[in-house]
Asker: 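Mind having a look at this structure? Questions to follow.
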Amino acid sequence: MEAKSQSILIPDVPSATPSFPIETVRAAFPALARDPEFVFFDNAAGAQIPQIVLDAVNHHLLECNVQRGGRYAKSMEVDATIVRARQSVADLVNARDPSEISFGMNATSFIRLVSLAIGQMLKQRNEIVITEMDHEANVATWLALERNGAQIRWWKVREDGSLHVDDLVPLLSSKTRLVACTLTSNALGSIVDVAAVAKVVHAVGSEVFLDSVHYGPHGLIDVQAFDCDYLVCSGYKIFAPHMGFLWGRRELLEKLPTFREDFIPDEPPGKIEAGTFVYENVAGMDAAVRYLESLGRNFTAAGEAGISTRAALQRTFDMIRAYEELLSLEVLRGLNDCGATIYGVTDPRRISQRVPTVSFNLPNVTPATVTQELATRNIGVRDGHMYSPRLMQRLGLAHATGAVRASLVHYNSVEEVRRFGSALAEIKATC
């Protein structure tokens, strides 16, 4: 595993990044303006929300906090909100039809729902490929199918901190039912070439299940370009309240055996959404997409004012990806200056293959000590196994201690990263 503690050449990042509207972005998030000033680098565990999302949640709770499906105005407004949110998320992931989007509690519950259905459909194709890079939610749910006769194959992480498709190919056969993998590691920030994954998996007649939870705030999801078959994401990682959504190819969702009440049609999305989900949080998810769309529209040339929602989202995430590469470089530079051991992609020439989520350890300082010391300086990061215990084992790290993780998104600034680096230097010198 690529763990760097030796000196690596990281280019300097300018404090000012005029191409990205960082002050405008930060002003949209009320939590970032609260006193005392707090540096929030724990976004992988859940991001802050912009004012537009808070307003949408409040509007629902104040104006139409009722059950859908009624004949009165407030209930019909809930119906309209759900329809609008389904279209917004369909635009966000580039779904072919809004009916391919299902809403629920979180990504984990959807992974379990699909895995239970797949477990009833194994037959001769009973091999499932999972990875040691993934969050445990996309591992344990599939391991549980061993009691249904599933045979588990492991796709291993290489020394460079990445999953390589060349290592997946030998694991595939006519018995492969499904490959479940992450789009981006929640611990290392490494991005997986999922389009290449889909190509080799579909070549043997199998399916691809993607966990896009950690990629969601950093890059534009495109289920058609990825050519995946199922994809899950959590709204609270992408500037919305706590909720999750599932995308699936409609023809596959139609075949899934799922629990549902008899009065619900046996077709998506209704057959996937058993029970009542949290309507106000779905309203917030719709608003989060509108926030992201607005970034792209606000920086669109006058002659392009009529661009589609999807095109505006593409512009937004092009900006975010470019800006976050600068943040990643600055984080790596600061950690390198402190002599930290950095796990995953560290080569600046490969910076496009990661997001600004970095796990590391300082020499002779426990991860818990680092996070506690940073907390006293009003900097929030996380330590531990990051719900990826098999990856920690692959890194040679103890399950009980793990590593320190700093996870940034587009509302974080270069100045915050430099404050973080200075704090680490103090901790190294005094602990």
Side-chain angles (χ1 to χ4, degrees), residues 1 106-215 226-234 244 246-248 252 256 344 385-395 397 399:
M1 181 65 63
N106 50 46
T108 301
S109 61
F110 278 125
I111 299 172
R112 186 61 177 145
L113 182 151
V114 174
S115 72
L116 286 171
I118 295 293
Q120 299 176 55
M121 304 167 66
L122 289 175
K123 299 181 181 178
Q124 288 78 24
R125 285 186 175 270
N126 67 341
E127 294 184 355
I128 294 176
V129 179
I130 56 180
T131 92
E132 60 185 358
M133 177 185 280
D134 275 71
H135 188 289
E136 187 68 5
N138 204 28
V139 174
T141 43
W142 303 106
L143 286 174
L145 297 187
E146 288 183 305
R147 68 175 68 103
N148 296 74
Q151 300 293 312
I152 302 298
R153 308 291 298 274
W154 286 93
W155 183 11
K156 302 287 188 176
V157 176
R158 281 196 196 176
E159 293 297 320
D160 63 357
S162 298
L163 291 168
H164 289 256
V165 177
D166 289 347
D167 300 329
L168 171 62
V169 172
L171 304 176
L172 304 174
S173 71
S174 60
K175 293 184 177 182
T176 307
R177 177 63 180 83
L178 179 137
V179 174
C181 74
T182 186
L183 183 48
T184 301
S185 168
N186 72 298
L188 301 181
S190 305
I191 299 173
V192 180
D193 185 354
V194 293
V197 170
K199 184 176 181 179
V200 299
V201 172
H202 288 155
V204 299
S206 185
E207 297 171 356
V208 177
F209 185 102
L210 293 183
D211 173 357
S212 70
V213 171
H214 196 65
Y215 184 78
F226 298 164
D227 198 23
C228 53
D229 300 288
Y230 307 94
L231 179 144
V232 291
C233 197
S234 290
L246 165 74
W247 169 87
L252 297 180
L256 283 183
H385 53 64
M386 313 308 160
Y387 301 96
S388 300
R390 292 167 179 81
L391 180 59
M392 292 298 125
Q393 182 178 3
R394 180 73 175 87
L395 295 169
L397 300 174
H399 178 274

Asker: Does S234 have any side chain to side chain donor-acceptor pair (under 3.5 Å) partners at least two apart in sequence or in another chain, and if so, which?
Answerer: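 So S234 forms no side chain to side chain donor-acceptor pair (under 3.5 Å) with any residue.
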Asker: Tell me, please, which residues at least two apart from E146 pass salt bridge (charged side-chain N to carboxylate O under 4.0 Å, His left out).
Answerer: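 Scan of E146 (salt bridge (charged side-chain N to carboxylate O under 4.0 Å, His left out), adjacent residues dropped) gives none.
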Asker: Under the 3.5 angstrom rule, does the side chain of E132 hit a backbone N or O of V157 as a donor-acceptor pair?
Answerer: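 Checked: pair present.
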Asker: Look at the side chain of D229 and the backbone N and O of V208, then say whether any donor-acceptor pair between them is shorter than 3.5 Å.
Answerer: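 Side chain of D229 to backbone of V208: a pair is present.
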Asker: Show me the pairs that pass ring-ring contact (aromatic ring centres under 6.0 Å, His included) and involve residues 108-138, at least two apart or across chains.
Answerer: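 Only H135-Y387 qualify under ring-ring contact (aromatic ring centres under 6.0 Å, His included).
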Asker: Tell me, please, which residues at least two apart from R153 pass salt bridge (charged side-chain N to carboxylate O under 4.0 Å, His left out).
Answerer: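 R153 satisfies salt bridge (charged side-chain N to carboxylate O under 4.0 Å, His left out) with E127 once adjacent residues are dropped.
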Asker: Run the ring pair (Phe, Tyr, Trp, His ring centres under 6.0 Å) test against H202 and tell me which residues pass, sequence neighbours left out.
Answerer: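 H202 satisfies ring pair (Phe, Tyr, Trp, His ring centres under 6.0 Å) with no other residue.
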Asker: Donor-acceptor check, side chain of S206 to backbone of T176, threshold 3.5 angstrom: yes or no?
Answerer: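 Answer holds: yes.
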Asker: For a side chain to side chain contact (heavy atoms under 4.5 Å, CB included) with V179, tell me which candidate from V194, L172, I128 qualifies.
Answerer: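 It is L172; the other options fail the test.
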Asker: Contact between F226 and L183 at the side-chain level, heavy atoms closer than 4.5 Å - yes or no?
Answerer: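 Of all side-chain heavy-atom pairs linking L183 with F226, at least one is under 4.5 Å.
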Asker: What is the distance from atom OG of S388 to atom CE of M133, rounded to the nearest 0.5 Å?
Answerer: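 Taking OG in S388 and CE in M133, the distance rounds to 9.5 Å.
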Asker: Under the ring-ring contact (aromatic ring centres under 6.0 Å, His included) rule, what pairs show up with a residue in residues 154-183, not counting sequence neighbours?
Answerer: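 Checked against ring-ring contact (aromatic ring centres under 6.0 Å, His included) - neighbours excluded - no pair reaches residues 154-183.
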Asker: How far does CG of L178 sit from CG of N126, to the nearest 0.5 angstrom?
Answerer: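 Separation between the atoms: 12.5 Å.
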Asker: Where do L395 and L188 land on the side chain to side chain contact (heavy atoms under 4.5 Å, CB included) test, with the steps shown first?
Answerer: CA-CA 11 Å; L395 295 169; L188 301 181; 4.3 Å; yes
Asker: Sub-3.5 Å donor-acceptor pair from the side chain of S190 to the main-chain atoms of G161, do we have one?
Answerer: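 Flag set: sc S190 to bb G161 pair under 3.5 Å.
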Asker: Considering residues at least two apart in sequence or located in another chain, which fulfil the salt bridge (charged side-chain N to carboxylate O under 4.0 Å, His left out) criterion with D227?
Answerer: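 Expected list: R249.
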Asker: How long is the span from the CG atom in L116 to the CG atom in L256, to the nearest 0.5 Å?
Answerer: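 If I round to the nearest 0.5 Å, the distance is 10.5 Å.
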Asker: Once side chain to side chain donor-acceptor pair (under 3.5 Å) is applied, do any residues pair with W142, and if so which ones, sequence neighbours excluded?
Answerer: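 Listed in chain order: N138.
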Asker: Assess whether side chain to side chain contact (heavy atoms under 4.5 Å, CB included) is satisfied between V232 and F209, documenting all intermediate values.
Answerer: CA-CA 8 Å; V232 291; F209 185 102; 3.7 Å; yes
Asker: May I ask you to test the L210-C181 pair for a side-chain heavy-atom distance under 4.5 Å?
Answerer: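 With C-beta onward as the side chain, the pair touches.
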Asker: Can you list the residues that meet the salt bridge (charged side-chain N to carboxylate O under 4.0 Å, His left out) rule with D134, with sequence neighbours excluded?
Answerer: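 Counting only residues at least two positions away or on another chain, D134 forms no salt bridge (charged side-chain N to carboxylate O under 4.0 Å, His left out).
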Asker: Do L163 and L168 come close enough that some side-chain heavy atom pair is under 4.5 Å?
Answerer: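 L163 does not reach L168 side chain to side chain.
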Asker: Any non-hydrogen side-chain atom of H399 less than 4.5 Å from a side-chain atom of H385?
Answerer: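 A side-chain contact exists here, since the closest heavy-atom pair is under 4.5 Å.
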Asker: Who pairs with T184 by side-chain contact (heavy atoms from CB on, under 4.5 Å), at least two apart in sequence or on another chain?
Answerer: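 T184 satisfies side-chain contact (heavy atoms from CB on, under 4.5 Å) with I191, H214, Y215, V355 only.
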Asker: Without swapping roles, check the side chain of D211 against the backbone of V213 for a donor-acceptor pair under 3.5 Å.
Answerer: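 Yes, D211 side chain to V213 backbone: donor-acceptor pair under 3.5 Å.
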Asker: For the residue pair S173 and R125, what are the closest heavy atoms and their distance?
Answerer: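 So the minimum-distance heavy-atom pair works out to O-NH1, 4.0 Å.
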Asker: Would you list the pairs meeting salt bridge (Lys or Arg N to Asp or Glu O under 4.0 Å) in which at least one residue belongs to residues 165-187, sequence neighbours left out?
Answerer: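 Qualifying pairs, neighbours excluded: R158-D167, R177-E207.
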Asker: Once side chain to side chain donor-acceptor pair (under 3.5 Å) is applied, do any residues pair with S115, and if so which ones, sequence neighbours excluded?
Answerer: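 In terms of side chain to side chain donor-acceptor pair (under 3.5 Å), with neighbours along the sequence ignored, S115 is linked to R112.
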Asker: Would you give the length of the straight line joining atom CD1 of I118 to atom OG1 of T141, rounded to the nearest 0.5 angstrom?
Answerer: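 Those atoms lie 11.5 Å apart.
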Asker: Please give me the minimum heavy-atom distance between T131 and A180, naming the atom from each residue.
Answerer: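 Of all heavy-atom pairs spanning T131 and A180, the closest is CG2-O, 3.7 Å.
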Asker: Ignoring hydrogens and angles, tell me if any N or O in the side chain of N186 forms a donor-acceptor pair with the backbone of M386 under 3.5 Å.
Answerer: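 Yes, because the side chain of N186 sits within donor-acceptor range (under 3.5 Å) of the backbone of M386.
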